[in-house]
Enquirer: 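Have a look at the structure that comes next, please.
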Amino acid sequence: MANEVRVRYAPSPTGMPHIGNIRTAMFNWLFARHHGGKFVVRIEDTDQERLVPGAVDGILDGLEWLDIDWDEGPRVGGDFGSYFQSERLPLYHAEAERLIAQGDAYRCYCTRERLVELRSRQERDKVALGYDGRCKHLGGGERRILEDEGAPYVVRFAMPDSGITHLHDLIRDDVEWQNELVDDFVLLKSDGFPTYHLAVVTDDHFMEISHVLRAEEWLSSAPRHLQLYRALGYEPPEHGHLPMILGPDRAKLSKRHGATSILEYRDDGFLPEALRNFMVLLGWSLDDKTEVMPIETITENFTLDRVGKPAAIFDREKLSWMNGVYIREMTAEALADAMLPFLEQGLPSNLLPVDREYLLSIVPLVQERIKVLTEAPEMVSYFLEEQPVYDSANLVQRGMTEEETVRALERSILALGDCDFSTEALEGLLRSLGEELELTPRRFFGTLRWAATGRNVSPPLFETLEVLGRERVGPRLQWALDSLSGKERIGSGV
RNA sequence: GGCGCAUUCGUCUAGCGGCCCAGGACACCGCCCUCUCAAGGCGGAGAUCAGGGGUUCGAAUCCCCUAUGCGCUACCA
């Protein structure tokens with residue numbers, strides 16, 4: 001292509017964009033980055049009734065969180081502004097007037113009532129739905145009267161009533177429509193705002209967009225847009241209709257499918273890198289086996305010929321797995337920092353603030369066990385608690401007697417009293433102690449695990465003990481022994 | 001009702017006429033490793049390539065029909 005690649009993401013601020021919407025944004029961004037072009041964000045706020053306060057910030061924050069940066073648009077400006085359609089009204093009006101003058105559009109005075117009635121009649125008669133073109137054929141006198149009355153009107157595009165409109169889609173190849181089957185759609189609403197169709201076509205033209213990459217749900221609108229480009233005398237951009245993303249029930253994504261806003265994924269403990277990697281795989285592939293890959297690899301290889309056609313179902317399970325992969329690849333420092341907000345959020349206040357140095361020593365133990373960051377509080381709480389709370393009956397492992405358990409704890413307390421508290425030393429010491437006590441590792445370590453962590457599951461025992469340190473392990477073993485034997489205390493021991 | 005798009009393991013996908021009685025990944029099952037849980041390694045099960053017709057020496061790959069799903073059919077995007 002001779003000219004610069006310029007693509008855009010054009011969300012309407014009617015709520016938080018769902019994952020499919022963001023995936024579309026990302027494909028545009030990847031396409032721009034791959035071709036060294038520009039990625040533009042434009043806010044399509046033409047529906048005044050459905051505007052949601054804060055939605056624009058939510059959308060932009062979501063993109064920023066994912067590290068999807070834009071070259072022009074809100075927050076960054078650009079030479080083709082405004083990037084809010086509500087601030088470009090005069091442009092749309094001028095184009096609409098031009099179309100009317102050319103005879104490619106007309107004022108329509110039909111009332112909503114008539115439109116509703118028309119529709120129900122069409123449904124009843126089982127004929128094609130759509131505007132019947134009544135006002136297109138309004139006689140001059142009748143039209144004059146309506147104008148003089150100042151009757152409210154919309155501007156409709158006069159679709160050609162014969163011929164075909166052809167689209168060479170970058171993803172779906174050739175698609176054709178019969179013009180007579182496309183009705184005269186609205187360009188300008190009675191409140192003076194343009195519809196999507198008018199706004200998108202004129203903006204894409206004036207913003208010099210080279211490629212329109214949007215979801216497949218827009219494919220049906222393509223003939224309208226193509227005809228508009230023609231009537232307006234614009235050169236149409238290339239089009240590519242991307243596959244949609246569906247919920248597990250195969251329906252269009254909506255609030256019912258759980259996390260709907262991109263920021264919710266952040267709050268649910270997903271890493272932006274993982275989500276990005278996962279999203280790109282919904283409709284695009286590098287080859288027959290590579291799935292986890294850095295963003296550089298993706299941008300380098302992102303081409304439309306590797307974008308698929310069928311809609312994809314969003315599978316959270318696989319996202320979780322991939323998130324775990326990314327977590328395991330992090331440095332301890334990065335993971336600690338990523339975990340911190342979740343710990344502050346999810347840990348009881350008496351365990352806060354978390355000492356970063358201490359956390360850094362804990363991180364290697366939980367790193368390969370954590371899939372989403374929201375699991376962090378649960379995974380590290382026993383490292384921080386004064387004394388984990390648990391039922392002392394758990395100390396007695398299957399196949400052990402209470403006496404054996406008490407003895408195991410007593411001997412452990414003695415042995416750990418003044419030993420080297422390193423993983424290696426602890427392992428040597430406790431393994432031989434286990435043998436001496438004639439307890440299987442499973443039982444002996446099981447008891448110690450409960451005593452040290454208050455859990456039946458934890459990272460490997462010796463590493464855990466080392467990180468906890470003598471000053472925490474000692475009292476906990478003592479507490480275990482006390483709670484088991486109930487009354488008698490043995491000396492301060494450890 | 002009309003128009004359009006889509007259709008490979010449960011899910012994401014590879015495949016663009018012979019390499020495919022279909023490969024990879026998630027999930028699932030088993031084994032190994034092992035102090036528990038993970039991670040990792042190995043293996044297994046899982047797709048008559050929606051169905052039916054063609055074209056071709058040869059089709060998951062090309063064409064047609066049917067079915068199903070989805071989208072559009074708003075003064076919403």
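Quick note on labels: first sequence line is chain A, next is B, and so on, each numbered from 1. Please read these numbers as outputs of a predicted model, since none were measured by experiment.
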Enquirer: If only side-chain N and O atoms of A:R443 are considered, is one of them under 4.0 Å from the OP1 or OP2 phosphate oxygen of B:C35?
Expert: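 So the side chain of A:R443 is outside the cut-off, no N or O lying under 4.0 Å from OP1 or OP2 of B:C35.
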Enquirer: When we call it a touch if two heavy atoms are under 4.0 Å apart, what does A:S190 touch: a base, just sugar-phosphate, or nothing?
Expert: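 Since a base atom lies under 4.0 Å of A:S190, the category is base.
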Enquirer: Under 4.0 Å, heavy atoms only, any strand: does A:S12 hit a base, just the sugar-phosphate, or nothing?
Expert: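 The answer is sugar-phosphate, as A:S12 gets under 4.0 Å only of primed atoms, P, OP1 or OP2.
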Enquirer: Just to verify, what does A:P223 make a side chain to side chain contact (heavy atoms under 4.5 Å, CB included) with, not counting sequence neighbours?
Expert: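 Once residues adjacent in sequence are excluded, the partners of A:P223 under the side chain to side chain contact (heavy atoms under 4.5 Å, CB included) criterion are A:T165, A:W177, A:V182.
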Enquirer: Rounded to whole Å, please give me the gap between CZ in A:R369 and P in B:G40.
Expert: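 So the CZ-P distance, A:R369 to B:G40, works out to 12 Å.
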Enquirer: May I have the distance from A:L115 (atom CG) to B:U73 (atom C1'), rounded to whole angstrom?
Expert: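 The answer, rounded to whole Å, is 13 Å.
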Enquirer: Using a 4.0 Å heavy-atom cut-off across all strands, classify A:K189 as base, sugar-phosphate, or nothing.
Expert: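 Since a base atom lies under 4.0 Å of A:K189, the category is base.
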Enquirer: Which is true for A:E44 with a 4.0 Å heavy-atom rule: it touches a base, it touches only sugar-phosphate, or it touches nothing?
Expert: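 Here A:E44 touches the backbone only, sparing every base.
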Enquirer: Please confirm whether the shortest side-chain N or O distance from A:R172 to OP1 or OP2 of B:G4 is below 4.0 Å.
Expert: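 No.
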Enquirer: Mind checking the P distance from B:C32 to B:C49? Whole angstroms is fine.
Expert: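 Going atom to atom, P in each nucleotide, I get 37 Å.
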Enquirer: May I ask you to say what A:R449 touches in the nucleic acid, namely base, sugar-phosphate or nothing, with a heavy-atom cut-off under 4.0 Å?
Expert: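 It contacts base atoms.
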Enquirer: By the 4.0 Å heavy-atom rule, please label A:L181 as base, sugar-phosphate, or nothing.
Expert: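 Since only primed, P, OP1 and OP2 atoms lie under 4.0 Å of A:L181, the category is sugar-phosphate.
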Enquirer: Do A:P194 and A:E95 have side-chain heavy atoms sitting under 4.5 Å apart?
Expert: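 Answer no - side chains too far apart.
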Enquirer: Counting only side-chain nitrogens and oxygens, does A:R224 get under 4.0 Å of the OP1 or OP2 atom of B:U73?
Expert: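 Answer no for this pair, as no side-chain N or O of A:R224 is under 4.0 Å from OP1 or OP2.
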Enquirer: A:R119 near the nucleic acid: base, sugar-phosphate alone, or nothing, with a heavy-atom cut-off under 4.0 Å?
Expert: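 Sugar-phosphate contact only - A:R119 comes under 4.0 Å of backbone atoms but never of a base.
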Enquirer: On a heavy-atom basis, which atom in A:L99 and which in A:A231 lie closest, and how many Å separate them?
Expert: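 Closest approach of A:L99 to A:A231: CD2-CB, 3.7 Å.
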Enquirer: Answer with base, sugar-phosphate or nothing: what part of the nucleic acid does A:Q122 contact at a heavy-atom distance below 4.0 Å?
Expert: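 Counting heavy atoms under 4.0 Å across all strands, no contact is made by A:Q122.
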Enquirer: If you look at every strand shown and take non-hydrogen atoms under 4.0 Å, does A:M322 touch a base, only sugar-phosphate, or nothing?
Expert: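 Answer is nothing: A:M322 stays at 4.0 Å or more from every strand.
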Enquirer: Under 4.0 Å between any heavy atoms, over every strand shown, what does A:P243 touch: base, sugar-phosphate, or nothing? Just pick one.
Expert: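 No contact.
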Enquirer: Between atom CZ in A:R214 and atom P in B:G71, what is the gap in whole Å?
Expert: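 Spelled out: CZ on A:R214 to P on B:G71 is 17 Å.
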Enquirer: Pick from A:D203, A:V41, A:V40: which one makes a side-chain contact (heavy atoms from CB on, under 4.5 Å) with A:Y83?
Expert: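 Among A:D203, A:V41, A:V40, the one that satisfies the side-chain contact (heavy atoms from CB on, under 4.5 Å) with A:Y83 is A:V40.
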Enquirer: Could you tell me how far apart A:L219 (CG) and B:A77 (P) are, to the nearest whole angstrom?
Expert: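 Going from CG in A:L219 over to P in B:A77 covers 19 Å.
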Enquirer: Please pick, from B:C26, B:C75, B:A77, the nucleotide with the shortest atom-to-atom distance to any side-chain atom of A:E217.
Expert: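 The answer is B:A77, which lies nearest to the side chain.
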Enquirer: Which part of the nucleic acid, if any, lies within reach of A:V175 when heavy atoms closer than 4.0 Å are counted: base, sugar-phosphate only, or nothing?
Expert: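 Sugar-phosphate only.
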Enquirer: Touch check for A:K318, heavy atoms < 4.0 angstrom, all strands: base, sugar-phosphate only, or nothing?
Expert: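 Counting heavy atoms under 4.0 Å across all strands, the contact made by A:K318 includes a base.
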Enquirer: Map A:V307 and A:R156 onto RNA chain B by nearest heavy atom, then report which one ends up closer to the 5' terminus.
Expert: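 Of the two residues, A:V307 wins.
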Enquirer: Quick one: label A:F462 by what it contacts on the DNA or RNA (base, sugar-phosphate, nothing), any heavy atom closer than 4.0 Å.
Expert: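 Counting heavy atoms under 4.0 Å across all strands, the contact made by A:F462 includes a base.
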Enquirer: Over all strands shown, is A:L461 touching base, sugar-phosphate only, or nothing at heavy-atom distances under 4.0 angstrom?
Expert: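 The answer is base, as A:L461 lies within the cut-off (heavy atoms under 4.0 Å) of a base atom.
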Enquirer: Under 4.0 Å from OP1 or OP2 of B:U73: is there any side-chain N or O of A:S220 that close?
Expert: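 No.
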